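Below is one structure, written out as structure tokens; comments come after it.
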Number of protein chains: 2
Amino acid sequence: MNEKLQEYSIGQLSRLSDVKVPTIRYYEQIGLLEEPYRTEGGQRRYFSDALDRLRMIAHARALGFSIDAIREFIRLAGHPEAPCEDLDQITMHHLNDVTQRIQKLERLKAELQSMLKNCQHGTIEKCRILEVLSDHNHCQTEH
Amino acid sequence: MNEKLQEYSIGQLSRLSDVKVPTIRYYEQIGLLEEPYRTEGGQRRYFSDALDRLRMIAHARALGFSIDAIREFIRLAGHPEAPCEDLDQITMHHLNDVTQRIQKLERLKAELQSMLKNCQHGTIEKCRILEVLSDHNHCQTEH
DNA sequence: TATAATTGCTCTAGTCACTATAGGTTCAAG
DNA sequence: CTTGAACCTATAGTGACTAGAGCAATTATA
């Protein structure tokens with residue numbers, strides 16, 4: 001049996017995490033990922049803990065958290081005994097953000113649909129799309 | 001009666017359109033707004049047509065259209081004899097985009113809500129938020 | 001009319017979260 | 001030992017602005 005720790009090159013880490021190679025280097029540069037050890041030739045070599053963290057980062061990004069929020073997650077993960085209120089706060093804040101974005105987009109969707117409905121498929125002169133775009137008062141909703 | 005055309009400084013235009021001064025200059029720079037005439041001292045002076053266009057741009061931006069899409073609107077508006085199908089196409093494309101963005105955000109919202117629901121308000125160590133972040137398999141939906 | 005306050009000017013650099021490119025080096029397979 | 005893929009650094013580019021420095025012009029007040 002192999003007792004040695006599994007090592008990964010940056011390319012392997014990329015394939016395993018679905019994070020692009022330049023992005024991994026970028027995360028290292030901004031301090032999200034620890035600097036890994038290097039081979040004699042200067043190439044990065046990672047262990048599975050780096051993979052775990054990278055997956056966590058990728059997942060949080062996919063969930064829409066900002067880099068700063070992730071930085072905070074990582075910081076909090078280093079204090080397992082602390083209460084998780086801060087964690088809650090960040091998540092709640094993000095949820096509010098997402099909810100607002102959805103509302104905005106719903107309004108936009110309604111307006112786009114009405115734009116399409118109102119277009120008589122004639123020439124631009126008669127097309128209300130430009131009209132709607134030019135005149136905010138045509139809007140049914142605030143934005 | 002004042003027969004002279006109303007003139008606006010960039011600051012007045014900004015207040016009337018709710019577009020910030022540097023943004024107006026930026027729009028001019030990228031060719032969305034025509035270069036206005038200048039006073040002897042070199043300051044920009046606008047007429048109401050610029051205000052109309054700026055409002056149109058601001059409105060389209062608020063609706064989520066990209067600068068490129070707006071450029072396209074302006075181009076099409078300059079050819080009123082052309083069929084408005086192109087415009088329709090842009091709008092339709094945008095509508096699809098918005099619909100997809102909404103769907104994605106709805107999934108995200110559900111995920112965040114379940115994360116918060118599962119939080120036991122104890123310590124970070126036991127908090128499921130970090131757990132969920134670290135393990136994609138906790139997710140009910142794709143993202 | 002003098003001065004002060006405000007607004008304007010250009011130019012450059014910064015934001016976010018990457019992505020792309022150039023030009024060179026190291027590694028692993030055959 | 002050679003070849004070619006994968007790696008390295010450094011710089012610049014993306015979109016749509018935003019911020020700052022260091023001046024100049026305009027407008028309001030005394």
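Just so you know, these numbers come straight off a predicted model, no measurement behind them. Heavy atoms only: backbone and side chains are in, while hydrogens, waters and symmetry mates are out. Here is the naming used below: chain letters follow the sequence lines, and residue numbers restart at 1 for every chain.
Between B:K20 and the phosphate of D:dT18, there is a side-chain N or O to OP1/OP2 separation shorter than 4.0 Å. The side chain of B:S9 places an N or O atom within less than 4.0 Å of a non-bridging phosphate oxygen (OP1 or OP2) of C:dG8. Within the structure, every side-chain polar atom (N or O) of A:T23 is placed at least 4.0 Å from both OP1 and OP2 of C:dA17. Contact between the side-chain N/O atoms of A:R45 and the OP1/OP2 oxygens of C:dT26 is not found at any separation under 4.0 Å.
Between the CZ atom of A:R38 and the C1' atom of C:dT26 there is a distance of 13 Å, given to the nearest Å. Between the CG atom of B:D68 and the C1' atom of D:dA16 there is a distance of 11 Å, rounded to whole Å. When the C1' atom of C:dC9 is taken as reference, atom OH of B:Y46 falls 12 Å away, rounded to whole Å. Distance A:I24 CD1 to C:dC18 P: 12 Å, rounded to the nearest Å. A straight line from CD of A:E40 to P of C:dC27 spans 8 Å, rounded to a whole angstrom. C:dC27 atom C1' lies 12 Å from atom CD of A:Q12, rounded to whole Å. Protein atom CD of B:E28 is 14 Å distant from nucleotide atom P of C:dG8, rounded to whole Å. The OH atom of A:Y8 sits 16 Å away from the P atom of C:dA28 (whole-angstrom rounding).
No engagement by A:R15 is indicated, since no non-hydrogen atom pair under 4.0 Å with the nucleic acid exists. Across all strands shown, A:R25 has heavy atoms under 4.0 Å from base atoms, whether or not it also approaches the sugar-phosphate. Using a 4.0 Å heavy-atom criterion, one finds that A:I10 contacts the sugar-phosphate atoms exclusively.
Taking the side chain of B:Y26 as heavy atoms from C-beta on, and the options C:dT10, D:dA16, D:dA25, the nearest nucleotide is D:dA16. If you check C:dC18, D:dC17, C:dA17 against the side chain of A:S66, the one that comes closest is C:dA17. The side chain of A:R61 lies closest to C:dA17 when the candidates are D:dT26, C:dA28, C:dA17. Considering only the side chain of A:Q43, C:dT26 comes nearest among D:dT27, C:dT26, D:dC17.
Atom CD of A:Q12 has more than 12 heavy atoms from other residues, nucleotides or ligands within 6.0 Å.
At a threshold of 4.0 Å, the pair A:R25-A:E28 does not count as salt-bridged, since none of the basic side-chain nitrogens sits closer than that to a carboxylate oxygen.
In this structure, CZ on B:R45 lies 5.5 Å from OG on B:S9, to the nearest 0.5 angstrom. Atom-to-atom distance recorded for A:L54:CG and A:M56:CE is 11.0 Å, nearest 0.5 angstrom.
Heavy-atom distances to DNA chain D give each of A:Q29 and B:T39 a nearest nucleotide, and the one nearer the 5′ end belongs to A:Q29.
Of the possible donor and acceptor atoms, none in the side chain of B:S14 sits under 3.5 Å from a partner among the backbone N and O of B:I10.
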